[in-house]
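Quick caveat: nothing in here was measured; it's all calculated off a predicted structure. The analysis underlying the following values was restricted to heavy atoms, covering all of them including side chains, and did not include hydrogens, waters or symmetry mates. Within every chain, numbering begins at 1; the chains are lettered A, B, ... in the order of the sequence lines, protein sequences first and strands thereafter.
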Amino acid sequence: MARIRIERVSRRFGGVTALEDLSLDIAHGEFLVLLGPSGCGKSTLLRTIAGLLAPDSGRILLDDSDVTDLPARDRGVAMVFQSYALYPHLSVARNIAFPLRARRTDRAERDARVAEVGAALGLSGLLDRRPRELSGGQRQRVALARALVRDPAAFLLDEPLSNLDARLRTSTRAELTELHRRLGSTFVHVTHDQVEAMTMATRIALLDGGRLEQVGAPHEVYDRPESAFVAGFLGAPPMNLLPARLAERDGALHAVADGVDIPVGLPVEQPEGSTAAEDSGRDVLLGVRPEQLSVRRDGAPGGGLRGRVRLLENLGGEEVAHCLVGGIRVAVRGTRPLGVAVDDPLALDCPSEFVHLFAPTSGRRLERRARDRIHVPI
Amino acid sequence: MTGKATTWTRAGGHLVLGGLGVLCAVPIYWLFATSLRRPQDVSSAALLPWPLSLQNYADAWAALDLPTLLGNTALMATAIAAGQLLIGLLAGYAFAAWDFRFSRALHLAFVATWLVPFQVTMLPNYVLLHQLGLLNTIAGVVLPQLCSALGVVLLRQHMLGFPRELLDAARMDGRGSWRILWTVVVPNLGPPLASLAVLLFINAWNEYFWPALVLQRSNAVLQLGLRSFMGAEGNDWGPMMATAGMACLPVLLLYLVLQRRVVDGFVRSGLK
């Protein structure tokens, strides 16, 4: 087990900033998923923790000792690579034993460890094969066994599931979670797949452009995105984001735009000596998750979102309707059938507790203060 | 229609390749055929050497100290090829695996040595060997040829294609750079190493001018030994062909042994 601390780490490649002043504290036994789009710096961060890349500035601490200048082999962490990086000229057994050989473990112990780890991962019958004679899933398990055999303080996983087919990925995901539970070690897992992140992580760190956008448990990141980027990254389809303006309607604040008139669940604050509501007239980015929108059956007039269905997607148990609301694409997701057809006009409702507001320029989440006013953090 | 056209195209292709193959093989065949004729038939133009005779080989054996010549040549060629391979391996690894200051410029400098004609370095090297007291020794032949730009460039190219994650994995698994080279890189570079080894060995084996300059006597390596059959009153073709035939054999054997890997190596480097 190991606690990994990243303190103000920056790294540039030529003119490109891969990591910018990034700090992150990963606790003992955590399963942290580094999530983000391609080029967000997540692999760079993992390789920096591993010791394969030196940061330009900042420190990496493992269990309170500074390992920033320690070579990879002395850090006691193991890594599973995206391509698995098995040594093609060695048998499975020798691949697994490779880290032990490098540490000059004696032969009897080495053989015992290889047999033990091989059995734990269901590789016992394959120990004499070469990597090219294995299937993708088997190779992945050999790579995992090679990491396990060292009994490392932490596991670093660089998109280990991305080369597997969809079915195998689902089962391997469960196996990895189970392995983490059994070992209780610290896992740092890099992926761009949000399903992996949501299902496996105890905490998700979402990166964009070399910076941390948000760190939190999967439900926090999903339910309370700190920025429009996080909101637009998570979810399938992701959160709908519509530019709107706050306006007062019967003593409550509404987000209003072309085809949009939705209560945001805030009372109007009226500062003393003023007749205008304080936040009224302010531009915001309105965020609503597709599954929180419901199609209004009666088609009665009223608030909510009004638009026209452009496309229907059948997901089996569920259905996604892509609509156009005032020129903006809005997705609605619900149990099939949704009861709408292409080109139908439709009205959508959303409970105000599921309405998110973001600042239109910075993209940061707008928060409620003690007095229930909204303000921009930072 | 297309089937027919393809057949004709293929037949044409085979014809051209077959013709080229014959063109390449005929001189070698003629060399061995002449060496097996009786001494009085040496200038005969008959396709088949008949009756067969080993007299030319016996004459060559009597005229030259063949075992010593073969031994010396093998020693020289092996030392040169091994040296070039080792330096190519180390330099190629450095160029491919690390980003260091001026690595591009240094690599270009390596490539540029290709453009320097042998005649330019010949005299300075000769003078240097004289000062080192290495004239007339095999070491003198080998030393200035220990590094080959071809070897460095070719191995760098192959190592650039080597999966980086494998090197990273080996580092994570606790190996240092030196041991990664020998336990991970080299075992997976079999075909290119074999093809390069054959190429360098043949080059060194066939070298004539430089050994002639450094060794200054005809009884040191095979290629110089051949010269002793050329006289003012005419060439002694029979023993010369016999010696040349024997000079070809080791190279031919080496190629046969490594053939599959050599072809592999060239095919792969062609695909990259």
Side-chain angles (χ1 to χ4, degrees), chain A residues 13-14 43-44 46-54 70-91 94-105 130-132 139 142-150 152-160 163, chain B residues 85 89 92-105 107 155 157-197 258 260-262 264-265 267-269 271-272:
Chain A
F13 293 104
S43 283
T44 307
L46 195 77
R47 293 167 58 83
T48 311
I49 299 173
L52 295 170
L53 267 181
L70 214 58
R73 63 167 182 265
D74 299 327
R75 294 195 181 190
V77 297
M79 187 154 166
V80 176
F81 293 85
Q82 185 173 10
S83 66
Y84 313 138
L86 302 180
Y87 310 112
H89 61 297
L90 298 178
S91 67
R94 290 179 64 111
N95 259 287
I96 300 175
F98 197 86
L100 300 180
R101 276 172 178 277
R103 281 168 182 72
R104 306 189 191 284
T105 315
R130 291 288 171 89
R132 63 167 172 274
R139 283 179 204 184
V142 176
L144 208 55
R146 192 176 62 188
L148 267 172
V149 80
R150 295 165 45 181
F155 290 88
L156 309 176
L157 313 168
D158 190 4
E159 307 210 21
N163 287 338
Chain B
L85 217 53
L89 208 55
Y93 184 49
F95 281 130
W98 282 279
D99 280 325
F100 49 92
R101 272 171 95 83
F102 309 122
S103 74
R104 260 189 84 83
H107 176 243
L155 284 175
Q157 213 52 41
H158 276 287
M159 287 192 199
L160 280 179
F162 197 80
R164 259 210 108 91
E165 288 203 334
L166 267 185
L167 303 182
D168 286 342
R171 274 172 73 192
M172 294 296 300
D173 286 343
R175 298 275 156 118
S177 303
W178 179 254
R179 294 191 63 203
I180 290 176
L181 174 64
W182 297 108
T183 57
V184 178
V185 179
V186 169
N188 288 304
L189 279 185
L193 281 176
S195 55
L196 188 62
L258 294 176
R260 228 189 46 166
R261 307 198 121 198
V262 171
D264 249 24
V267 166
R268 281 198 212 171
S269 56
L271 283 177
K272 262 176 197 151

| message | Using salt bridge (charged side-chain N to carboxylate O under 4.0 Å, His left out), reason through Asp173(B) and Arg146(A) one step at a time and then give a plain yes or no. | response | CA-CA 9 Å; Asp173(B) 286 343; Arg146(A) 192 176 62 188; 3.4 Å; yes
| message | Checking Arg75(A) now: which residues fulfil salt bridge (Lys or Arg N to Asp or Glu O under 4.0 Å) with it, not counting sequence neighbours? | response | none
| task | Heavy-atom distances under 4.5 Å only: say whether Leu100(A) touches chain B with side chain, backbone, both or neither. | result | neither
| task | Select one option (side chain, backbone, both, neither) describing which atoms of Arg94(A) are under 4.5 Å from chain B's heavy atoms. | result | neither
Run the side-chain donor-acceptor check on residues 175-182 of chain B: report pairs under 3.5 Å with partners two or more places apart or on a different chain.
{"unit_1": "Arg175(B)", "atom_1": "NH1", "unit_2": "Thr183(B)", "atom_2": "OG1", "d": "3.3"}

| said: Please identify, among Ala143(A), Gly51(A), Pro99(A), Pro71(A), the residue contributing the most non-hydrogen atom pairs under 4.5 Å to chain B. | reply: Pro99(A)
| field | Interface moiety of Val149(A) toward chain B, non-hydrogen atoms closer than 4.5 Å | value | neither
| field | Under 4.5 Å from a heavy atom of chain B, the part of Ala50(A) involved | value | both
| message | We want to know whether Ser83(A) and Asn163(A) form a side-chain donor-acceptor pair, criterion being a heavy-atom distance below 3.5 angstrom. | response | no
| request: Check whether any side-chain heavy atom of Met79(A) lies under 4.5 Å from a side-chain heavy atom of Leu46(A), and answer yes or no. | output: yes
